[in-house]
There are 2 protein chains.
Amino acid sequence: MSPLVKIRAERDQMSAIERRIADFMLDNAHLLRDYSSQQLADALQISQSSVVKFSQKLGFKGYPDLKYSVGEAVARASDGQVKTTARSPRAATRESLAETLWQSKSRAEEETRLINDPETLGEIAALLSRAGKVYCIGLGDDGSAAQTFAQRLALLGTFTVHHDDPVRMTASISSAERGDVLMVFSEQGQQAALNQLSRQFRERHGKVISVTRHTSNPLRAHADATLLVSAHDERSHIQPLLYQSALQHLLDQVFVLMCDGDRLEQLNTNLEHIQHLLDPKL
Amino acid sequence: MSPLVKIRAERDQMSAIERRIADFMLDNAHLLRDYSSQQLADALQISQSSVVKFSQKLGFKGYPDLKYSVGEAVARASDGQVKTTARSPRAATRESLAETLWQSKSRAEEETRLINDPETLGEIAALLSRAGKVYCIGLGDDGSAAQTFAQRLALLGTFTVHHDDPVRMTASISSAERGDVLMVFSEQGQQAALNQLSRQFRERHGKVISVTRHTSNPLRAHADATLLVSAHDERSHIQPLLYQSALQHLLDQVFVLMCDGDRLEQLNTNLEHIQHLLDPKL
DNA sequence: GTCGCGGTCAATAATTTATTCTTGCTTCGA
DNA sequence: TCGAAGCAAGAATAAATTATTGACCGCGAC
């Protein structure tokens with residue numbers, strides 16, 4: 001039970017001095033942190049032993065124990081306040097750049113999470129898991145995400161090819177066969193070259209996974225499975241950051257879904273090998 | 001600020017004994033109430049003074065002060081838990097993956113934010129802003145982050161060179177001069193090749209910015225400015241995701257700090273040009 | 001090597017807390 | 001009215017906890 005409630009409850013049947021202590025604690029609960037039993041006694045012009053006895057009477061092991069409890073209670077009580085204050089409009093002014101940026105990102109990530117059915121994510125993870133070869137392509141910023149994801153897949157033991165360049169990818173794709181998967185990263189999904197690539201890939205009986213914005217676009221329309229990203233900000237320099245974060249979070253989810261028994265083991269083996277490569281002793 | 005977050009953030013650059021204390025507190029935060037500094041020391045088979053020094057190093061007045069803070073944090077945290085758990089007990093199971101992953105990332109990002117002084121970020125942004133040429137290098141996963149960041153800088157009108165390869169970078173660096181900046185991305189900061197590169201760069205009177213984990217490492221030690229990342233998870237397949245997110249968030253902060261008047265205009269011009277390139281009509 | 005530095009610990013000083021003991025006051029009943 | 005019992009409070013003191021000091025060790029730089 002909260003010590004403050006307890007103090008209030010017992011206040012009535014306390015002696016005069018005890019009541020002084022009780023009142024002080026109720027009034028200054030948030031300041032108690034900086035009071036030792038002696039300082040508190042001095043402040044109230046009473047003896048230190050009275051403070052200790054007061055604590056013990058209330059059922060605490062001693063003064064520090066009571067103090068600790070009050071600290072908890074104050075924290076719990078002010079917790080709600082902090083949250084509501086943070087939401088209030090004027091708080092935005094004080095909040096740092098990092099904080100608002102972070103919130104924008106979080107919003108984008110949450111939106112993205114909402115528009116991708118968890119089951120679809122599971123299916124895509126399964127599709128990738130049993131794929132023969134996986135091809136990843138993306139241009140510009142999409143390319144970085146594609147590359148990183150390709151690398152992750154490779155660590156899991158999936159044979160993966162990554163390209164930034166549709167021309168080179170065309171060549172790679174010529175060896176595609178049934179059971180292979182092409183992941184196409186394209187924010188707008190409007191890239192003619194990528195769409196053509198997808199068509200070719202499907203002709204070779206491969207499955208195409210599109211990763212685009214949550215708009216209707218040709219790439220998405222013709223894909224066998226789709227991952228969708230939502231990220232908005234009126235400031236042109238912020239929006240790409242949000243897109244990247246949301247995309248990354250989405251891909252991370254798929255990646256984690258793929259990390260089961262065997263593949264996880266493979267991953268760890270690979271990480272060990274990499275560790276060796278990077279070892280400063282070399 | 002929550003002492004637990006702080007402990008987590010600093011954990012990297014702690015000594016072995018300090019880390020034992022940190023881990024114990026993180027694992028048993030809710031039991032700390034019943035531990036005096038001596039008991040805690042006994043439990044960990046270390047000296048009591050180490051516990052006190054640990055508390056003071058973290059910025060608390062002493063052990064009781066730290067303990068009090070942890071009490072508050074635990075109270076706040078368990079209060080929140082009660083609320084969320086009460087709201088949707090079964091939803092936690094369904095969405096757990098995405099949700100917990102997201103929480104882990106958030107924690108890493110917060111830790112990272114804590115260990116980078118905002119002023120330092122501002123200085124780094126200024127340094128990059130007035131740099132003549134900026135060179136970015138990183139290997140493996142660090143490479144992707146380096147590449148993305150380089151691309152962002154280029155959009156802001158800063159002349160930027162990016163490489164994945166120390167050999168190629170060596171060649172590029174030969175044209176470096178006073179006022180140029182080298183950003184070295186290296187999670188562990190132990191890459192001999194990158195350290196050598198930094199040395200060469202400094203010899204040519206350029207400034208070196210390191211981007212590493214919050215450990216003490218040779219790269220960081222010799223840099224003119226440092227960006228630090230904190231990200232931890234015992235699961236080997238999760239940790240890289242956290243590292244990437246935290247790193248990304250940190251870089252995004254620097255990027256946003258750089259987006260002022262002229263540069264922002266340049267960015268928008270560039271984005272328009274890119275839009276043209278990507279236009280489906282072409 | 002050895003110099004300095006950072007980290008740890010044992011010893012100890014300082015502070016804080018808990019207990020004891022005394023005093024003074026009140027109450028109650030002879 | 002006078003103890004005797006009961007209780008609250010404070011002073012003194014004991015106990016505990018915490019903070020500091022100084023010595024020692026291991027390690028990296030020079």
Side-chain angles (χ1 to χ4, degrees), chain A residues 3 7 10-25 28 31-71 280-281, chain B residues 3 7 10-25 31-71 188-190 192 195-196 198-199 202 214-223:
Chain A
I7 290 173
E10 312 235 346
R11 200 195 99 104
D12 281 344
Q13 50 197 349
M14 289 178 179
S15 70
I17 284 199
E18 286 171 337
R19 202 168 306 161
R20 296 238 313 275
I21 302 176
D23 289 344
F24 183 90
M25 286 193 176
N28 309 320
L31 298 178
L32 207 63
R33 176 181 194 140
D34 301 317
Y35 281 83
S36 67
S37 64
Q38 182 64 64
Q39 287 173 307
L40 177 52
D42 291 345
L44 296 175
Q45 313 247 45
I46 59 176
S47 74
Q48 179 257 345
S49 58
S50 296
V51 177
V52 174
K53 283 175 188 158
F54 175 85
S55 307
Q56 293 171 330
K57 247 190 194 170
L58 282 168
F60 296 93
K61 272 173 38 184
Y63 173 72
D65 196 37
L66 164 59
K67 181 164 150 181
Y68 190 96
S69 269
V70 171
K281 284 194 292 291
Chain B
I7 290 173
E10 309 261 359
R11 205 193 96 103
D12 265 355
Q13 61 171 28
M14 289 177 179
S15 67
I17 284 200
E18 286 171 335
R19 202 166 308 158
R20 294 238 312 276
I21 303 176
D23 289 343
F24 183 90
M25 286 193 177
L31 299 177
L32 207 62
R33 177 177 193 144
D34 301 318
Y35 280 84
S36 68
S37 64
Q38 182 65 64
Q39 287 173 307
L40 176 53
D42 290 345
L44 295 176
Q45 312 249 47
I46 59 178
S47 76
Q48 178 257 345
S49 58
S50 295
V51 176
V52 174
K53 276 193 78 178
F54 175 85
S55 308
Q56 292 171 330
K57 246 189 192 169
L58 282 168
F60 296 92
K61 275 173 37 184
Y63 173 74
D65 194 38
L66 166 59
K67 182 165 149 180
Y68 189 94
S69 266
V70 170
Q188 308 296 349
Q190 304 281 7
N195 291 332
Q196 192 184 330
S198 307
R199 205 168 328 117
R202 258 195 317 279
H214 185 210
T215 51
S216 56
N217 61 66
L219 179 57
R220 174 185 172 189
H222 296 113

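The chains referred to below are lettered A, B, ... by the order of the sequence lines, with proteins before strands, and numbering in each begins at 1.
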query: Hey, does the side-chain of A:S49 have a donor or acceptor N/O within less than 3.5 Å of a partner on the base of C:dA18?
result: no

task: Using atom OH of A:Y63 as one end and atom C1' of D:dA16 as the other, report the distance to the nearest whole Å.
output: 16 Å

- prompt: Could you state the CE-P distance from B:M14 to C:dG6, rounded to the nearest angstrom?
  reply: 17 Å

- prompt: With respect to the side chain of B:S15, which nucleotide from C:dT8, D:dT20, D:dA8 is positioned closest?
  reply: C:dT8

task: For B:S37 and B:Q48, test the side chains for any donor-to-acceptor distance below 3.5 angstrom and give the result as yes or no.
output: yes

- request: Taking the six-membered ring for Trp and the single ring otherwise, decide whether the centroids of A:Y63 and A:F54 are under 6.0 Å apart.
  value: no

- prompt: Could you give the distance from OH (B:Y35) to NZ (B:K67), rounded to the nearest 0.5 Å?
  reply: 11.0 Å

query: Roughly how many Å is it from CG in B:D65 to P in C:dT15, rounded to a whole number?
result: 17 Å

message: Ignoring hydrogens and geometry beyond distance, is a side-chain donor-acceptor pair present between A:S69 and B:R33 at under 3.5 Å?
response: yes

- line: With the side chain defined as heavy atoms from C-beta on, B:S37 is closest, among D:dT18, D:dA11, C:dT8, to D:dT18

- prompt: Just how far, in rounded Å, is P of D:dA8 from CD1 of A:I21?
  reply: 12 Å

message: For B:S36, is there any backbone N or O sitting under 3.5 Å from a side-chain donor or acceptor partner on B:Q39?
response: yes

- line: Per nearest nucleotide of DNA chain C, the residue lying toward the 5' end, B:S47 or A:Y35, is B:S47

message: Taking 4.0 Å as the cut-off, does a side-chain nitrogen or oxygen of A:Q56 come that near to OP1 or OP2 on C:dT17?
response: no

- prompt: Starting at CD of A:Q48 and ending at P of C:dA18, how long is that distance when rounded to a whole Å?
  reply: 8 Å

message: Let's test your reading of the model: under 3.5 Å, does the base of D:dG10 pair with the side chain of A:K53 as donor and acceptor?
response: yes

query: A:I17 CD1 to D:dA11 P: how many Å, rounded?
result: 10 Å

- request: May I have the distance from B:L66 (atom CG) to D:dT17 (atom P), rounded to whole angstrom?
  value: 17 Å

message: Side chain of A:S36 only, heavy atoms from C-beta on: which candidate in D:dT18, C:dT19, C:dT16 is closest?
response: C:dT16

- request: For B:K57, answer base if it contacts any base atom (sugar-phosphate contacts may also be present), sugar-phosphate if it contacts only those atoms, and nothing otherwise; contact means non-hydrogen atoms under 4.0 Å.
  value: sugar-phosphate

message: For a quick check of understanding: with a heavy-atom distance under 4.0 Å over all strands, which category does A:S50 fall into, base, sugar-phosphate or nothing?
response: sugar-phosphate

- request: Provide, to the nearest angstrom, the distance between the CZ atom belonging to A:R20 and the P atom belonging to D:dA8.
  value: 16 Å

